[in-house]
Amino acid sequence: MASASGLVSRPPRCFTARKFAPFCVSRWGLLLRCCAAEEQALGASISKPRLPRLVGMGSKLVGCGSAVPNLLISNDDLAQIVETSDEWISVRTGIRNRRVLSGNETLTGLAIEAGKGALQMAKVDSNDVDLVIMCTSTPDDLFGGGGQVQRDLGCRNAWTFDVTAACSGFVVGLITATRFIKGGGYQNILVIGADALSRYVDWTDRGTCILFGDAAGAVLVQACAGEEDGLLGFDLHSDGHGHRHLNAVAKDDKDKLTTNMNGAPLFPPRNSSYSCIQMNGKEVFRFAVRCVPQAIEAALEEAGIASSRVDWLLLHQANQRIIDAVATRLQIPSDRVIANLANYGNTSAASIPLALDEAVKGGKVKAGHIIAAAGFGAGLTWGSAIIRWG
């Protein structure tokens, strides 16, 4: 319940009486015994009380981090697998290398490393994180990876959930974080974009295997005074009619029987997996060069900012031709465009925070700079955010 001062009271939490197991107050006023009595029991992390929440706050980006796998796959390496060449790939996409998970590496591990980097730059203790948003379409666990990341980062007082929006995922997660700060009174939110699309690539398909790589990137979004709000405008869209142009659908194991000897349906059902990425490159290109500039223009209009005032254009790193076409449409010169596509390929939800982290640490992006960011991809989904760094 919100008070006149904007403070939001929190619902009752578990409490512990001496050596007894913790109890909770149910909505009927009854005392219920919790799952376990020991401090290491599941759910023990929720025992720390929090200050009342202050709603209506702005948001600012105060830290970033990233991580990539060790294994580098060059265009020349791919030329040993499919009929292609370094020149053919680089001219059409701008990509020369990509990183791919190998050995004992996991996507969760990359996400944790990226998250640690963001917390370190922001100088925020993991116990002070209220929410972890894991933006991924390729988690190590079908049920999501946010919980594992939250656990291993030591964010004991945070809750977490996954966002599945493919290459638009990070922008969706970033905007979602700002809404939890403004409407929910959260103070520190870790937004992680991480994907391992190499798991779903047909490495015999020249049209797709040249494009994708694995990576993770993260930002720490922190509450601030309303007049310091770093999210100046945003615009989000979806169009499911475009699903046929970019997807990786569930498929059944066709080698297993579906009926018994009497012709009745067989139970349990067949095991399922996912197909490799299917993409109509021409249609996705047309969609991106048409819709992405419109989304950025809409966000700029909301922010009351002309494109000439944008310090940096930061797009999802899908294809250099798309990046160049959008920059031309917005009349943003190439020296104000952030791109690292050549080194990493299309890393889906990781591409924007990965490029941002490199630009910040490389001294390009400085406090106060205005960034026009946009993600676009499967769904089809697309969105933009006009943000001020720091």
Side-chain angles (χ1 to χ4, degrees), residues 57-68 113-124 129 170-171 173-175 177-178 181 187-193 215-235 292 296-297 299-317 320 323-324 326-328 330-344 347 349-375 383-390:
M57 302 292 286
S59 304
K60 59 181 179 180
L61 279 65
V62 295
C64 57
S66 62
V68 297
E113 185 178 346
K116 287 180 179 178
L119 290 173
Q120 183 177 6
M121 181 183 291
K123 297 180 181 179
V124 171
V129 176
F170 177 76
V171 171
L174 176 63
I175 294 171
T178 67
I181 289 173
Q187 292 294 311
N188 294 296
I189 300 180
L190 188 61
V191 182
I192 302 174
V219 297
L220 197 286
V221 185
Q222 190 172 74
C224 64
E227 60 270 19
E228 299 174 358
D229 196 351
L231 179 65
L232 308 178
F234 67 89
D235 189 56
V292 172
I296 294 176
E297 288 169 344
L300 286 170
E301 182 177 356
E302 179 184 349
I305 294 175
S307 61
S308 59
R309 287 187 55 199
V310 172
D311 294 297
W312 299 103
L313 177 65
L314 175 54
L315 303 181
H316 163 53
Q317 306 287 292
Q320 191 62 48
I323 295 173
D324 292 343
V326 174
T328 299
L330 297 173
Q331 298 182 333
I332 296 177
S334 59
D335 61 353
R336 289 197 280 132
V337 176
I338 297 173
N340 64 357
L341 178 71
N343 297 324
Y344 304 108
T347 56
S351 73
I352 292 177
L354 172 62
L356 174 64
D357 186 47
E358 289 195 342
V360 170
K361 292 176 179 175
K364 285 186 175 182
V365 174
K366 303 181 185 301
H369 279 186
I370 294 175
I371 303 169
S384 63
I386 310 303
I387 55 179
R388 182 188 297 111
W389 174 254

**Student:** Which pair of heavy atoms, one from I338 and one from A359, lies closest together, and at what distance?
**Tutor:** CD1-CB, 3.9 Å
**Student:** In this structure, are over 12 heavy atoms from other groups packed under 6.0 Å from E302 atom CD?
**Tutor:** yes
**Student:** Report yes if some heavy atom in the side chain of K116 is under 4.5 Å from a heavy atom in the side chain of L119; otherwise report no.
**Tutor:** no
**Student:** Taking side chain to side chain contact (heavy atoms under 4.5 Å, CB included) as the definition, give me every residue that meets it alongside A225, ordered by chain and number, with sequence neighbours left out.
**Tutor:** E227, E228
**Student:** Which atom names give the shortest non-hydrogen contact between I352 and A374, and what distance separates them?
**Tutor:** CD1-O, 3.4 Å
**Student:** With sequence neighbours excluded, tell me which residues meet side-chain hydrogen bond (donor to acceptor under 3.5 Å, both in side chains) with N343.
**Tutor:** none
**Student:** Specify the closest pair of heavy atoms between L313 and I296, including all atoms of both residues, with the distance to one decimal.
**Tutor:** CD1-CD1, 3.9 Å
**Student:** For V219, check side chain to side chain contact (heavy atoms under 4.5 Å, CB included) against everything at least two apart and list the hits.
**Tutor:** L61, C64, F170, L174, V191, V221, L356
**Student:** Applying side chain to side chain contact (heavy atoms under 4.5 Å, CB included), name anything that partners A350, two or more places apart in sequence or on another chain.
**Tutor:** A215, T347
**Student:** What are the two closest non-hydrogen atoms of P353 and G217, and how far apart are they?
**Tutor:** CB-C, 3.5 Å
**Student:** Listing request: all side chain to side chain donor-acceptor pair (under 3.5 Å) pairs with a residue in residues 362-373, at least two apart in sequence or in separate chains.
**Tutor:** W312-H369
**Student:** For Q222, what residues pass the side chain to side chain contact (heavy atoms under 4.5 Å, CB included) criterion, not counting sequence neighbours?
**Tutor:** K60, V62, V124, N188, L220
**Student:** Within this structure, what is the CG-CG distance for the pair L300 and D235, rounded to the nearest 0.5 Å?
**Tutor:** 10.0 Å
**Student:** For the residue pair R336 and S307, what are the closest heavy atoms and their distance?
**Tutor:** NH1-O, 4.1 Å
**Student:** Just verifying a value: how many Å separate L314 CG and I371 CD1, rounded to the nearest 0.5 Å?
**Tutor:** 6.5 Å
**Student:** Excluding sequence neighbours, so at least two apart, what forms side-chain hydrogen bond (donor to acceptor under 3.5 Å, both in side chains) with S351?
**Tutor:** H316
**Student:** List the residues meeting salt bridge (Lys or Arg N to Asp or Glu O under 4.0 Å) with E297, not counting sequence neighbours, and say none if there are none.
**Tutor:** R329
**Student:** Taking the side chain as every heavy atom from C-beta outward, state whether V360 and M121 have any atom pair closer than 4.5 Å.
**Tutor:** yes
**Student:** State which residues pass side-chain hydrogen bond (donor to acceptor under 3.5 Å, both in side chains) with E358; sequence neighbours excluded, sorted by chain then number.
**Tutor:** N340, Y344
**Student:** State, to 0.1 Å, how close C224 and S59 come at their nearest heavy-atom pair, and which atoms those are.
**Tutor:** SG-N, 3.6 Å
**Student:** Please list every donor-acceptor pair under 3.5 Å in which a side-chain atom of residues 383-390 meets a protein atom from a residue at least two apart or in another chain.
**Tutor:**
residue, atom, partner, partner atom, Å
S384, OG, A295, O, 2.7
R388, NH1, D229, O, 3.0

**Student:** Going by side-chain hydrogen bond (donor to acceptor under 3.5 Å, both in side chains), name the residues that satisfy it together with D357, two or more places apart in sequence or in a different chain.
**Tutor:** S66, K361
